[in-house]
Amino acid sequence: MEDFKEIYKNFPELIYINESPSTWKGILTAVNRHKNCDIKIKVKLVAPSFPALEDVTIFFGKNLANLFGTSFKNQIDSILKRSESLSKFLGELIAVIEQLLCDQSNREINFNCETDSRDKLLKELKFVLSERSEVEISASKNLSRIKLSMNEISLVIQPCVSSLGQNTWKIISSDLPELPGFNVCDRKSLTLKEIRNSFQKQVITLEDVWEQLRKIDNYCWVTDPIDPKPYHLYRRINLSPTLSFILTLNPLDPTGYPNIKFLGAKKEVEKYRDMIQDEDAIDKWELEDSVYENLLTLLNIDEFPVKPKQAEENEEGGMVGDEECCICFSKEIEENELPNEVCNNYRCRKNFHSTCLFQWLQELVSNKIVFNQIFGPCPNCGDEVSCNVPAS
Amino acid sequence: MSKLQRLNREIKRLVDHPPEGIICYPSDNLNNLSINIIGPHSSPYEGTLFEMELEIPDRYPFVPPRLKFVTPVYHPNIDNQGRICMDLLKMPPNGGWRPTISLENLLVAVQSLLGNPNPDDPLMVDIAEEYRYNKQEFERKARLHAKENGKLSS
């Protein structure tokens, strides 16, 4: 009891959290005399035979363990052996930690290899920022991310070290499509300046193809990509509800004869496929004209159909309605049977027809049948659900 | 009985509101669908058009559909025959198929598998090793392979 009070008095930030085994959790405060500041150490202390000191274990946060290594562990053991009470042990422990902190500061922890590459990066950054360029460069505070941007196009990269010890870059996000001949990651050890120049060159090169695509987006019924981004070099253009084609432009030859693939109802696809494979058609393709105009000529139409207005918008929402069975995706099945089973997990609450649910649970090896009830995991959330086994 | 009703609805939705990079047209035979998937951004398959076959078994949705690539793919989880190793395509207890998964969910999952291979559950052991230990080489080969096989020509 005496010891208990001592701990309470001297280490107020340690909280007694469990009786058997006796456990404290909280913070010990040590003073770093070198830097003249307090250091908070997270600990968990377990003393199964308290107030005796047998089998006492103490856990530290990761950073402390990494700092002091194995000899520290041995030191703890020897303090434990010579201490009379837990409070004295803690007192001595703090003294040892303070001593270690002092030694550590004198030696200056060896972080050289990391600061090396960081210094290099800083130098590179300073250098590219001192040059005039249309590319804006910014870096996150700890230099883990570097962002290049130009004309609202951006590239975010992360400096990293390859397994061979070379400095390389990893692309975190990029608005750029893959462009033959340009690849930040392919060649090793590019400098920031080289990356900036390559990025700028790519953006300038791509402007032409983006212009062609913008025109198509404005005048055609594009169904894919839903929200075109600069890296999308393809468009799926609808000609009718049953026929569309995928157009892919070559970024290095934006107005050249593009890749076209028709998709849809077989007969129509065949007709159009023949049309674009005709040699005359390819001859008629004018490199001077825009892709949009060339497509009109190629397909022999005056204009592209536009997206029907009213059909869209209102039919958003999920695949399955709230009142529908999530297995057959419908509300009513034969004989006006409505979904009559519901998952009891209040966050799931999915509806099922008992016939659908039964049929699924029956498929599972893990099901259980008790009297006329079958039990198994809910096909949506995995919680247990059950339903009646049909009579016959 | 529930199969046709559900399938019609799923296909209608896929045709009318396709997810990005997934193209599906209804065919005369609902049990065999031809699907096209466009390789996702920032993967070696970016922009490549992959043709796939989707076969709906009679007991759908109580058993998973069969899905395979017709266009060859260089990928740790896709073999030479176009078969895909993906948890969702297999029945429990070994797999994760559930009847609440829609065709759309499945196709989006395959598209995402293209961009995020799973080398821990490989079908092509050599490619998985390469992906794990020499990612640059893997990406180079996958890119080249996709360019050669997934040509967007008519």
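Atom set for the values below is all heavy atoms of this structure, side chains included, hydrogens, waters and symmetry mates excluded.
- With hydrogens and angles disregarded, a donor-acceptor distance shorter than 3.5 Å links the side chain of B/Asp87 to the backbone of B/Gly96.
- Within the 4.5 angstrom heavy-atom criterion, atoms from both the backbone and the side chain of A/Ser330 approach chain B.
- Neither the backbone nor the side chain of A/Asp274 comes within contact range of chain B; no heavy atoms are under 4.5 Å apart.
- Between the side chains of B/Tyr45 and A/Glu178, no donor N or O sits under 3.5 Å from an acceptor N or O.
- Ranking A/His232, A/Lys350, A/Lys229 against chain B, the residue ahead of the rest is A/His232, based on heavy-atom pairs under 4.5 Å.
- Side-chain atoms of B/Asn77 come within 3.5 Å of backbone N or O of B/Asn118 as a donor-acceptor pair.
- Counting only distance, with no hydrogens or angles, the side chain of B/Asp79 and the backbone of B/Arg83 share a donor-acceptor pair below 3.5 Å.
- Residue B/Glu137 does not touch chain A at all, counting heavy-atom pairs closer than 4.5 Å.
- Between the side chains of A/His353 and A/Glu337, not a single donor N or O lies within less than 3.5 Å of an accepting N or O.
- B/Lys3 and B/Asn8 share no donor-acceptor pair across their side chains, judged by distance under 3.5 Å alone.
- In this structure, B/Arg6 is positioned above the aromatic face of A/Phe329, its NZ or CZ under 6.0 Å from the six-membered ring centre and within 45° of the axis.
- Contacts of B/Glu20 with chain A are made by both backbone and side-chain atoms, with heavy-atom separations under 4.5 Å.
- Taking the side chain as every heavy atom from C-beta outward, B/Tyr60 and B/Leu4 never approach each other to under 4.5 Å.
- Neither the backbone nor the side chain of A/Glu270 comes within less than 4.5 Å of any heavy atom of chain B.
- Residue contact with chain A, scored on non-hydrogen atoms closer than 4.5 Å, is absent for B/Asn105.
- In this structure, chain A has a heavy atom under 4.5 Å from the side chain of B/Ile38, while its backbone stays farther away.
- Of the listed residues (B/Ser34, B/Pro19, B/Gly21), the one with the most heavy-atom contacts under 4.5 Å to chain A is B/Gly21.
- Counting heavy-atom pairs under 4.5 Å between each of A/Leu364, A/Thr242, A/Val365, A/Thr223 and chain B puts A/Thr242 at the top.
- A/Pro377 does not touch chain B: none of its heavy atoms, backbone or side chain, sits under 4.5 Å away.
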